[in-house]
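One structure below.
Chain naming here is simple, since letters A, B, ... match the order of the sequence lines and numbering starts at 1 in each.
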Amino acid sequence: MLIFKNIIPFSLEQTFDCGQCFRWDVQEDGSYIGFVGKHIAKINYINGDIVIDSNCEDELFWKSYLDIDRDYLQIINDLSADDIMKNAISYGEGIRLLKQDPWETVVSFIISQNNNIPRIKKIIGLLCENFGDKVTFNGETYYSFPTPEQIYNKDLSVIRAGFRDKYILSAASMVVEGIIDFNLVYNMDYDTALEYLKQIKGVGNKVADCVILFAFQKFESFPKDVWIKRTMSQLYNVAEEEIEIFAKQKFKGNCGFAQQYLFYSARQDI
DNA sequence: AGCCAGGACAAGT
DNA sequence: ACTTGTCATGGC
């Protein structure tokens, strides 16, 4: 059992259900169970303390994944200079940007294209059940996210991903064959990382931006999906082509955080 | 029933 | 370099 004490602001729901990840499921007691690589955990948040029951007791691993050491009060304070953003943040001030696994993030956001969040979760669940490892945790059975090797040259029709199958398989083969090495991306600047990731079939600007933000923590990324395009138009009266420049100018190094607050608040009325 | 979904790609201007 | 049709599937 790991405990991170007095982590504020923080919200399990806002962090795990804000659309950055798809493998955490809420339990009846309000805790969340999910996978990170081969590590499964049940995470609770009680009186400001994050409590982790996991098959991985590596404190640094979870601290890194949950972005524990970052000063979110400072980020929120900086972004709140803008009243519109301040209001958006009020819906999801407990969001943390998870440091996710690059491979899982690439595949997850390939699946996300032209798709809705409930079905994205369903497809990823099928992917794990059919190709991942079976893991027993607290007497229950779960399935880890498959490695590139585990889906290499496989028939993916069971996961019902439609036209995305070929993209996922292409990504797997590029990783297995060493054409793509995610470890190199950590040290790339944003532009280089963007072009590098877009070598993968099915990865365009938006998916690459999500991977750059959610796996590689390059916070100048500002993924532009249909929700962001809508809300930027409504809240800031900014046209689609101007979002990039506008965001960089207004949110500076905190673009990624700003994007998540906007995305989360925009989706609250559905 | 029909529109839409955390888009990308390729063919056509 | 920009615009448009197409791609599977199913949630709502």
Side-chain angles (χ1 to χ4, degrees), chain A residues 13-25 88 91-92 95-98 100-102 104-127 129-130 151 154-174 180 193-235 238-244 247 251 255-270:
Chain A
E13 182 195 355
Q14 291 169 12
T15 297
F16 290 138
D17 284 332
C18 72
Q20 63 176 322
C21 58
F22 307 97
R23 293 228 66 206
W24 290 91
D25 294 311
Y91 290 89
I95 293 174
R96 297 229 159 201
L97 290 195
L98 303 167
Q100 303 187 58
D101 176 79
E104 296 184 16
T105 310
V106 165
V107 174
S108 296
F109 281 92
I110 284 175
I111 291 171
S112 82
Q113 69 175 254
N114 200 30
N115 212 341
N116 56 63
I117 290 182
R119 202 168 82 93
I120 295 165
K121 285 192 74 167
K122 183 166 291 184
I123 291 171
I124 292 174
L126 286 170
L127 181 69
E129 289 170 27
N130 284 282
I151 59 172
K154 295 285 176 58
D155 176 7
L156 298 184
S157 55
V158 289
I159 71 173
R160 312 302 292 157
F163 64 89
R164 306 169 189 84
D165 285 0
K166 56 182 179 293
Y167 298 146
I168 300 169
L169 290 174
S170 165
S173 62
M174 289 180 85
I180 291 288
L194 189 72
E195 294 313 310
Y196 188 79
L197 292 171
K198 282 167 68 176
Q199 294 179 92
I200 303 169
K201 303 292 182 197
V203 176
N205 281 315
K206 193 277 175 177
V207 171
D209 267 334
C210 285
V211 177
I212 287 171
L213 181 58
F214 299 139
F216 297 109
Q217 296 190 304
K218 300 185 192 299
F219 300 108
E220 61 266 53
S221 175
F222 193 84
K224 292 166 283 295
D225 70 334
V226 293
W227 293 92
I228 288 297
K229 289 170 185 171
R230 263 202 301 265
T231 201
M232 290 300 283
S233 169
Q234 289 172 0
L235 297 181
V238 171
E240 183 173 338
E241 315 80 51
E242 301 165 358
I243 292 178
E244 188 95 52
F251 310 129
C255 277
F257 302 100
Q259 195 271 4
Q260 270 308 274
Y261 295 130
L262 287 171
F263 180 81
Y264 188 79
S265 66
R267 287 178 50 81
Q268 286 316 295
D269 14 297
I270 61 171

Quick one: label A:Gln260 by what it contacts on the DNA or RNA (base, sugar-phosphate, nothing), any heavy atom closer than 4.0 Å.
base

Aromatic ring pairing A:Phe263/A:Trp227, orientation class (parallel under 30°, perpendicular over 60°, tilted between)
perpendicular

N or O in side chain of A:Lys122 less than 4.0 angstrom from C:dG11 OP1/OP2:
yes

Is the centre of the A:Phe216 ring less than 6.0 Å from the centre of the A:Tyr196 ring?
no

Reckon A:Arg164 has a side-chain N or O less than 4.0 Å from the OP1 or OP2 of B:dC9?
no

Quick one: label A:Asn205 by what it contacts on the DNA or RNA (base, sugar-phosphate, nothing), any heavy atom closer than 4.0 Å.
sugar-phosphate

For a quick check of understanding: with a heavy-atom distance under 4.0 Å over all strands, which category does A:Cys21 fall into, base, sugar-phosphate or nothing?
nothing

Name the nucleic acid region contacted by A:Arg160, choosing base, sugar-phosphate or nothing; use a 4.0 angstrom heavy-atom cut-off, strictly under.
sugar-phosphate

For A:Tyr167, answer base if it contacts any base atom (sugar-phosphate contacts may also be present), sugar-phosphate if it contacts only those atoms, and nothing otherwise; contact means non-hydrogen atoms under 4.0 Å.
sugar-phosphate

When A:Ile200 and A:Arg230 are each assigned the nearest nucleotide of DNA chain B, the 5'-most assignment goes to A:Arg230

If you measure from the P atom in B:dC3 to the same atom in C:dT6, how many Å do you get, rounded?
15 Å

Which is true for A:Lys224 with a 4.0 Å heavy-atom rule: it touches a base, it touches only sugar-phosphate, or it touches nothing?
nothing

Take atom NZ in A:Lys201; do more than 12 heavy atoms of anything else shown fall under 6.0 Å from it?
no

Between A:Tyr91 and A:Tyr261, is the ring centre distance below 6.0 Å?
no

Checking all strands, does A:Gly19 fall into the base, sugar-phosphate, or nothing category for heavy-atom contacts under 4.0 angstrom?
base

Toward the 5' end of DNA chain B, which comes first, A:Ser112 or A:Lys201, by nearest nucleotide?
A:Ser112

Can you check the distance between B:dA8 and C:dG11, where both ends of the measurement are the P atom (answer in whole Å)?
23 Å

